[in-house]
> 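A single structure is presented below for examination.
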Amino acid sequence: MSSQPSSGGAPPSAHASTGPPEVGASLAANIAAEVTAFAREVGSCDPVTVVGARTHWDVGGCPHAEAREVRAPAGVWEHEPSEMTVRCGAGTTVAELSAHLARTGQMVPLDPADDAATVGGVLACGFGGHRRLRYGHVRDLVLQTRHVDASGKVVTAGGPTVKNVSGYDLARLLVGSLGTLGLLAEVILRTLPVPEASQWLTGDGDPFAAFDLLYRPSSILWDGRRTWILLEGDPADVAAEAAKLESAGFGPSDGPPTIPGPGRESRTPSGLRELAGTPDGWIAEVGVGLVHRDEPVQAALVSSTNAALMTQLKQRLDPHDRLNPGRRAW
């Protein structure tokens, strides 16, 4: 992890690199002028809150009214298809990022409910999409971040390639922190190939039996009565898995159900069975344990040990509580 004063640098290219393999090292070589401008805007004195598309604005509580609003830089700045990495401003919309990567058959499976959401907003909320069952938590997609700290400095955390870290893994720690530890300015994300085939199926079969039947489904959603399943991958494999489901009473579907909001509840994957027979208004992610609800859900209590650790970290990184004051990430 390193911090630098907000001195300018040449903006990186907005196009995919076509140079030799060593050009991939340029992904982290210079701080973009947009990032240093963002750092100057954040400054070092008054309370600030970063604004994206406001698609999840109420998560963690609204920031204090006196907090000055700032916006993170946007744009897809470098994409290395051969290295399967992409560098973009945190204010880039998921729609823009997805469209850019699709030109080379790649993607980043962020999957927000509204693709007008910004990349930084999705990461700050820590909201994985409905394909978390296959692709894991969104923090696993983050290789490097540049954020602005409470003193207005640009801080680089992580690296443009996968490697071990010692101490705090700050790049991933920022995921889900709601901007209370640092304001994301730029990220380098791992990209993945767009699946060759994709098929949704639905039916009233047992979602837990379907989970046991399948090999790496991308999503299994259940509302207590009906189940939706997403299969992705090689066309032959998808067809074979779909045949298993069709024999179990599932058929093709146009897509997933509407995911409720704003409530989110975390349970053990096996604990989802207890939802059978409960009132409507929820969608559960089978195999993951998340339950999405129409109504807000009271946050689960954090252990005293974890709360103390996070409080100490907040005091160390933002001692005057100027970053997104009013939001609580734990």
Side-chain angles (χ1 to χ4, degrees), residues 1-42 50 52-53 71-112 115-124 135 138-148 153-163 165 169-172 174-175 182-194:
M1 180 179 72
S2 62
S3 62
Q4 298 102 339
S6 54
S7 58
S13 169
H15 304 286
S17 172
T18 56
E22 60 268 24
V23 172
S26 70
L27 281 173
N30 299 303
I31 299 177
E34 294 93 333
V35 171
T36 57
F38 178 57
R40 287 193 294 269
E41 184 181 10
V42 171
V50 66
R71 291 184 177 273
V76 180
W77 294 337
E78 285 193 73
H79 175 208
E80 293 286 350
S82 62
E83 299 294 329
M84 301 193 76
T85 59
V86 64
R87 181 189 194 189
C88 67
T92 310
T93 67
V94 173
E96 180 184 354
L97 176 62
S98 298
H100 183 99
L101 296 177
R103 297 201 291 266
T104 55
Q106 294 185 353
M107 66 169 185
V108 177
L110 297 178
D111 300 330
D115 63 7
T118 62
V119 173
V122 172
L123 296 178
Y135 298 112
V138 291
R139 74 169 64 90
D140 298 330
L141 302 170
V142 178
L143 298 177
Q144 178 178 290
T145 61
R146 280 199 169 111
H147 71 274
V148 180
K153 293 181 180 178
V154 177
V155 179
T156 301
T161 58
V162 180
K163 63 178 182 180
V165 297
D169 187 351
L170 187 54
R172 295 187 179 188
L174 292 174
V175 177
L183 304 184
L184 283 169
E186 170 192 309
V187 295
I188 295 179
L189 303 173
R190 181 201 317 274
T191 65
L192 297 168
V194 173

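Computation of the quantities below employed the complete heavy-atom set of this structure, encompassing side-chain atoms and omitting hydrogens, waters and symmetry-equivalent molecules. All residue numbers refer to positions in the sequence shown, counting from 1.
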> To check you understand the geometry: which heavy-atom pair defines the closest contact between Leu184 and Gly120, and what is its length?
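So the minimum-distance heavy-atom pair works out to CD1-O, 4.0 Å.
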> Taking all atoms of both residues into account, what is the closest heavy-atom pair of Val175 and Val138, and its distance?
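Answer, listing the atom of Val175 first, then Val138: CG1-CG2, 3.8 Å.
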> Over all heavy atoms of both residues, which pair between Glu96 and Val76 is shortest? Give the atoms and the distance, please.
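So the minimum-distance heavy-atom pair works out to OE2-N, 4.0 Å.
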> Can you find a heavy atom in the side chain of Ser98 that is under 4.5 Å from one in the side chain of Val108?
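Counting from C-beta outward, Ser98 and Val108 never come under 4.5 Å.
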> Any side-chain heavy atom of Arg172 sitting closer than 4.5 Å to one from Asp140?
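Yes, their side chains come closer than 4.5 Å.
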> For the side chain of Gln106 and the backbone of Met84, is there at least one donor-acceptor N/O pair under 3.5 Å apart?
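No; zero donor-acceptor contacts below 3.5 Å.
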> Quick one: side chain to side chain contact (heavy atoms under 4.5 Å, CB included) partners of Leu183, sequence neighbours excluded?
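By the side chain to side chain contact (heavy atoms under 4.5 Å, CB included) rule, Leu183 matches Phe38, Val42, Val48, Val50, Val70, Leu323, Asn324.
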> Keeping Thr92 on the side-chain end and Gly75 on the backbone end, is there a donor-acceptor pair under 3.5 Å?
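Looks like yes, one N/O pair under 3.5 Å.
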> Can you name the nearest heavy-atom pair linking Thr93 to Ala116, along with the distance?
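Result for this residue pair: CG2-O, 3.7 Å.
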> Return the OG1 to CD distance between Thr104 and Glu80, rounded to the nearest 0.5 Å.
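One gets 11.0 Å once the value is rounded to the nearest 0.5 Å.
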> Find the distance between CG (Leu174) and CG (Leu123) and round it off to the nearest 0.5 Å.
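It is 9.5 Å, given to the nearest 0.5 Å.
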> Measure the CG-CZ distance between Asp169 and Arg139 for me, rounded to the nearest 0.5 Å.
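Asp169 atom CG to Arg139 atom CZ measures 9.5 Å (nearest 0.5 Å).
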> Testing the basics here: between Ala53 and Thr118, what is the closest heavy-atom pair and its distance to 0.1 Å?
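Minimum heavy-atom separation between Ala53 and Thr118: N-CG2, 3.9 Å.
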> Could you go through Leu170 and His147, starting from their C-alpha distance and side-chain angles, then the distance that decides it, and tell me whether this counts as side-chain contact (heavy atoms from CB on, under 4.5 Å)?
CA-CA 10 Å; Leu170 187 54; His147 71 274; 3.6 Å; yes
> Supply the atom-to-atom distance Glu186 CD to Gln144 CD, rounded to the nearest 0.5 angstrom.
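Taking CD in Glu186 and CD in Gln144, the distance rounds to 6.5 Å.
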> Hey, does the side chain of Arg87 reach the backbone of His79 with a donor-acceptor pair shorter than 3.5 angstrom?
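Side chain of Arg87 to backbone of His79: no pair is present.
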> Do any N or O atoms from the side chain of Thr36 and from the backbone of Ala33 form a donor-acceptor pair under 3.5 angstrom?
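A pair under 3.5 Å: yes.
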> For Ala185 and Val35, work out which heavy atoms get closest and say how close.
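For Ala185 and Val35, the tightest heavy-atom pair comes out as CB-CG1, 4.0 Å.
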> Could you give the distance from OG1 (Thr85) to CG (Leu141), rounded to the nearest 0.5 Å?
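Interatomic distance, Thr85 OG1 to Leu141 CG, rounded to 0.5 Å: 13.0 Å.
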